[in-house]
Amino acid sequence: MSDATPFDRAHTDGLLSFLAASPSPYHAVANAAAELEKAGFRQVRETEAWDASTGGKYVLRGGALIAWYVPEGATPATPFRIVGAHTDSPNLRVKPVPDTGAAGWRQVAVEVYGGALLNTWLDRDLGLSGRVTLRDGTSHLVNVDRPLLRVPQLAIHLDRQVNEGLKLDRQRHMTPIWGLGQAREGDLVRFVAQESGLDADAVAGWDLMAHSVEAPAYLGREEELAAGPRMDNLLSVHAGVAALTAAATGEGPQPAAIPVLAAFDHEENGSQSDTGAQGPLLGSVLERSVFARGGAYEDRARAWAGTVCLSSDTGHAVHPNYAERHEPGHHPMPNGGPILKVNVNQRYSTDGSGRALFAAACERAGVPWQSFVSHNDMPCGTTIGPITAARHGITTVDIGVAILSMHSARELCGTQDPYLLANCLTAFLAE
């Protein structure tokens, strides 16, 4: 990157390492929590009483993390400034009875999670990751990060029309192979337990998923692009952790509001879970923070009224081979800065006042920004933004970073945009 500073590269280096180390939502929140711990944050348990102390705190629940920093002088009615993101990505997830096979091949039964681009999972070396839960109730992260699985595509000789339009049956065509021979019940779980140093007989449950083992990498003549898995939406989680720790440890004055990072799970399938944005987790954490500082319902109502959330998720960069599918007046480009996402039908929660708030944060950070709106003939995706606004009644603005190949097993962004997003989020949280 001829026009990038060393710190731009350092931040994106950190993002690529975070992507590689976080093949599942459970790994993502564990790695985020480790970074928060380095900055002085401490975990609080939902089952324990909370106190009124200042400083950084976080809650972990499954694949979700809520972290916040209580500055000196915060009152029960002090509002919150929230960065919202999600930890999950479309992929292939292991079924409850995983051991299967056909025609002399041993296979793993999987279910498609979220809106995956199925063809991007074909002929790709896949590992296996997630968590297993033992009979004593403890959960353990597992990560077989080497070529283990593969979803083989049918040879062109057996499907001469494949280049006229590939059609994949989710049930029949997406089952990965992992060896030869007959399927044996319990093989996969025994293998994962052995790889993880666990007693297979003690395993009572699992949440396992496939991931590409190809390492994230810089791309392009001047390495101005970065390719990797799960940018949607670990890019925002990584930027949110950087922004929250900067707001908490900066040398300037204490933030006027309480900065928060809310990293939810299950955004890719509607957010309807106890760890999703439609669940009670965020509201519960914020309310308990108010009440721990001696607040009552009136304080909670005042705090909510002044609270703002930036819902940060990836958006679509203009595709050079399909430019006609983008709104002609809005062509976000990589390395052009974060994007403001607008949809008047409330698939995104941004309005004019939100635009002003976002623009002010970018101006304070010295960060350029762009606008995104969908082509009128194309259905618009959505985010945790409208859910957060509707569920909690707080002002919410949808933003993000423009990428290509969204929902692919491997996505593409500009190398400077993650750093620019983090700076924008820091300015927003630290005001």
Side-chain angles (χ1 to χ4, degrees), residues 1-24 27-28 31-32 34-35 85 87 89-91 117 119-127 129 143 145-147 210-243 246 312-322 331-339 365-370 372 399-426:
M1 295 181 296
S2 60
D3 57 348
T5 67
F7 193 76
D8 289 347
R9 180 69 176 240
H11 180 91
T12 306
D13 283 348
L15 169 63
L16 299 190
S17 296
F18 182 69
L19 295 175
S22 304
S24 77
H27 289 83
N31 291 325
E35 290 301 311
T87 61
S89 301
N91 59 13
L117 277 172
N119 64 295
T120 68
W121 290 86
L122 302 178
D123 295 331
R124 188 180 293 273
D125 295 340
L126 304 174
S129 57
N143 183 12
D145 193 33
R146 68 174 189 272
H211 68 270
S212 171
V213 299
E214 183 181 2
Y218 289 99
L219 183 145
R221 177 180 173 178
E222 299 183 18
E223 296 190 337
E224 65 267 48
L225 301 170
R230 301 175 292 281
M231 289 184 176
D232 177 13
N233 186 32
L234 294 188
L235 188 158
S236 293
V237 174
H238 179 262
V241 170
S312 181
D313 204 344
T314 54
H316 302 294
V318 61
H319 196 301
N321 299 339
Y322 301 91
H331 279 184
M333 288 294 296
N335 295 329
I339 56 174
V367 168
W369 60 278
Q370 310 173 80
F372 171 83
I399 68 165
V401 161
I403 69 170
L404 289 181
S405 305
M406 187 185 295
H407 287 198
S408 169
R410 194 169 178 86
E411 297 161 324
L412 187 73
C413 76
T415 50
Q416 295 189 50
D417 282 332
Y419 174 67
L420 296 175
L421 174 65
N423 280 1
C424 165
L425 298 180
T426 300

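In this chain, numbering begins with 1 at the start of the sequence shown.
- In this structure, the separation between CD1 on Ile339 and OG1 on Thr314 is 8.0 Å, given to the nearest 0.5 Å.
- Taking 4.5 Å as the limit, some side-chain heavy atom of Phe18 sits within range of a side-chain heavy atom of Val237.
- A distance of 10.0 Å separates SG in Cys413 from CG in Leu404, rounded to the nearest 0.5 Å.
- Applying the side chain to side chain donor-acceptor pair (under 3.5 Å) test to Ser89 and every residue at least two apart in sequence or in another chain returns nothing.
- Asp417 and Gly337 get closest at one heavy-atom pair: OD1-N, 3.0 Å.
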- Message: Under the criterion side chain to side chain contact (heavy atoms under 4.5 Å, CB included), I'd like the reasoning laid out for Leu420 against Trp369: C-alpha separation, chi angles, the key distance, then a yes or no.
- Response: CA-CA 9 Å; Leu420 296 175; Trp369 60 278; over 6 Å; no
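- For the residue pair Glu214 and Arg410, the shortest heavy atom distance occurs at O-NH1, 3.4 Å.
- Contact detail for Ala246 and Thr426: the closest heavy-atom pair is CB-CG2, 3.8 Å.
- Closest non-hydrogen pair, Glu35 versus Val241, comes out as CB-CG1, 3.8 Å.
- Smallest separation of non-hydrogen atoms from Pro368 and Pro338: O-CD, 3.2 Å.
- Formation of a donor-acceptor pair under 3.5 Å by the Tyr218 side chain with backbone atoms of Asp13 is found in this model.
- Put simply, CG on Leu15 and OG on Ser22 are 9.5 Å apart, with the number rounded to the nearest 0.5 Å.
- With hydrogens and angles disregarded, no donor-acceptor distance shorter than 3.5 Å links the side chain of Asp313 to the backbone of Ser236.
- For the pair Asn31 (side chain) and Ala21 (backbone), a donor-acceptor distance under 3.5 Å is present.
- Legend: residues meeting side-chain contact (heavy atoms from CB on, under 4.5 Å) with Ala239, ordered by chain and number and at least two apart, are Leu421, Ala422, Leu425.
- Using a 3.5 Å distance cut-off with no hydrogens or angles, the side chains of Asp145 and His211 do pair a donor with an acceptor.
- For the atom pair CG of Leu19 and CG of Leu234, the computed distance is 6.0 Å after rounding to the nearest 0.5 Å.
- The shortest non-hydrogen separation linking His11 to Pro418 is NE2-O, 3.3 Å.
- Using modelled atom types, one side-chain atom of Thr120 and one backbone atom of Ala409 make a donor-acceptor pair closer than 3.5 Å.
- A salt bridge (charged side-chain N to carboxylate O under 4.0 Å, His left out) check over residues 229-240, counting only residues at least two apart or in different chains, returns nothing.
- Looking only at distances, no side-chain donor or acceptor of Glu224 sits under 3.5 Å from a matching main-chain atom of Thr415.
- With rounding to the nearest 0.5 angstrom, the CD atom of Glu223 is 11.0 Å from the OG1 atom of Thr12.
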